[in-house]
Protein chains: 2
Amino acid sequence: MDWREFDQNPVSHSAAHHLTAIQQLLEDQGYARVSDVARKLGITRGSVSVSLKGLRQRGLVVEDQHKHLGLSDEGQRIARGIHTKRVLFQAFLEKSLGLPADLAEMDACKIEHLVSDLTAEALAIYIDRREDASDSSSDREQQVNALEDSIREGRVEAFPGKEIETISERLQSSSEEQSKDKDDE
Amino acid sequence: MDWREFDQNPVSHSAAHHLTAIQQLLEDQGYARVSDVARKLGITRGSVSVSLKGLRQRGLVVEDQHKHLGLSDEGQRIARGIHTKRVLFQAFLEKSLGLPADLAEMDACKIEHLVSDLTAEALAIYIDRREDASDSSSDREQQVNALEDSIREGRVEAFPGKEIETISERLQSSSEEQSKDKDDE
DNA sequence: TCCTCTTGTTTGGGTACCCAAACGGGTTGA
DNA sequence: TCAACCCGTTTGGGTACCCAAACAAGAGGA
């Protein structure tokens with residue numbers, strides 16, 4: 001598998017944030033201009049101007065006669081998809097893994113545009129089923145406690161600690177067995 | 001929160017793969033040279049030569065008198081961490097979310113270097129607890145079935161479909177409630 | 001010895017981002 | 001009317017990657 005698949009995504013990290021920024025500005029204030037996007041993303045107007053030129057050529061962003069920005073159908077679809085992925089991952093990291101909200105937000109932001117649609121779909125189904133099935137609050141509490149124990153013991157300081165690496169090795173060897181079984185078929 | 005945190009990671013996607021490639025080559029064949037790394041990553045020797053110059057300056061990669069590459073302690077720690085994260089995420093995507101192995105591998109590869117150590121730690125704990133707790137095979141089967149239903153219904157074609165977006169909206173509004181509660185305190 | 005192969009490096013070109021700075025067009029208050 | 005200001009765009013510079021191509025150095029085989 002080519003490890004460089006990462007940069008042949010539908011949209012880059014930068015593009016993802018430009019699109020979602022426009023979408024959010026439209027929701028919040030009814031319009032979006034280059035300056036608004038620049039302010040929201042914390043970069044210069046010049047950078048946004050250039051980036052949007054590309055997105056306009058790709059047909060994701062449109063502009064009316066008053067320099068007001070909008071999203072094409074495809075642009076909307078992409079922006080919605082990214083937003084959905086962010087929400088799903090943030091919720092999973094926070095509620096299932098027990099991570100603090102700010103860290104969950106940051107990690108979700110980093111990966112939102114990278115994961116495939118099918119992965120997001122599967123995560124949604126997974127979260128949905130867990131929520132129905134059990135008293136998730138006590139579940140989450142247990143996870144938070146386990147995590148805090150781990151932090152207290154200082155394992156995270158030198159990642160990966162011994163315990164986590166044992167788990168990782170076990171997972172790896174079990175998946176190797178599986179692929180061996182597959183070869184035997 | 002600054003959305004550009006993504007590029008101020010300990011190592012870039014490229015660097016991550018250079019380091020893990022060296023580590024794996026050392027395991028597999030006992031040595032690693034520029035050409036070996038280039039072959040493994042599918043890029044030219046020239047690119048690897050330049051990239052490794054930077055990693056050597058950062059003290060992550062070392063070189064003996066015979067042009068044989070190695071990892072410093074810090075380099076080893078980073079490579080091990082990335083590898084561990086890849087294994088954890090791949091296992092989660094495949095076994096808990098029921099994704100096909102190749103997709104799980106691809107998505108894990110994309111995010112392995114981005115997630116924080118604490119997130120990986122939490123995921124390890126999470127996986128570990130689930131494995132002990134329940135008959136995970138039937139769990140996984142259920143998840144796979146649910147996912148296949150979803151695919152059959154063609155929801156993934158136009159991501160995000162209605163159902164998944166409903167879940168996402170619910171998650172979002174519940175987390176907004178939470179932060180409102182926090183403000184009231 | 002000489003030819004050939006492999007190896008590692010350097011160089012010039014390309015892409016995708018970012019910034020700072022300058023410029024031209026509007027709007028607005030004095 | 002005109003200076004002050006905000007807008008969007010363009011331009012030159014910087015970083016981090018990639019490639020292709022040219023080079024020098026070493027290792028062998030004929």
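Order of the sequence lines sets the chain letters (A, B, ...), proteins ahead of strands, with each chain counted from 1. Bear in mind that the values here come from a model prediction, so they are computed numbers and not experimental data.
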(message) Name the residue from B/Gln90, B/His17, B/His13 that meets the side chain to side chain donor-acceptor pair (under 3.5 Å) definition with B/Glu112.
(response) B/His17
(message) Are the side chains of B/Ile164 and A/Leu88 in contact, using a 4.5 Å heavy-atom criterion?
(response) yes
(request) Answer yes when A/Glu165 and A/Lys162 have at least one side-chain N-carboxylate O distance shorter than 4.0 Å, and no when they do not. (result) no
(request) Answer yes or no: is there a donor N or O on one side and an acceptor on the other, between the side chain of A/Lys85 and the main chain of A/Val115, under 3.5 Å? (result) yes
(message) Could you tell me the boundaries of the chain A footprint on DNA chain C, defined by atoms under 4.0 Å from its heavy atoms?
(response) C/dC17 to C/dA20
(message) Within residues 22-41 of chain B, which residues have any heavy atom lying less than 4.0 Å from an atom of DNA chain D?
(response) none
(request) Using the six-membered ring of B/Phe89, assess whether NZ or CZ of B/Lys110 lies under 6.0 Å from its centre and within 45 degrees of the ring axis. (result) no
(request) Please name all residues satisfying side chain to side chain contact (heavy atoms under 4.5 Å, CB included) with B/Glu63, sequence neighbours left out, ordered by chain then number. (result) B/Arg56, B/Lys67, B/Leu69
(request) Could you tell me the separation between the CG atom of B/Asp128 and the OG atom of A/Ser168, rounded to the nearest 0.5 Å? (result) 11.5 Å
(message) Let's see if you get this right: which residues in residues 45-59 of chain A place a heavy atom under 4.0 Å from DNA chain C?
(response) A/Ser47, A/Ser51
(message) I'd like to check the side chain to side chain donor-acceptor pair (under 3.5 Å) partners of B/Thr20; sequence neighbours left out, ordered by chain and number.
(response) none
(message) Suppose the criterion is ring-ring contact (aromatic ring centres under 6.0 Å, His included): which pairs have a residue in residues 36-83 of chain A, not counting sequence neighbours?
(response) A/Tyr31-A/His68
(request) Please check if the side chain of A/Arg129 supplies one atom and the backbone of B/Gln142 the other of a donor-acceptor pair under 3.5 Å. (result) yes
(message) Nearest whole Å is fine: how far is D/dC7 C1' from A/Gln65 CD?
(response) 17 Å
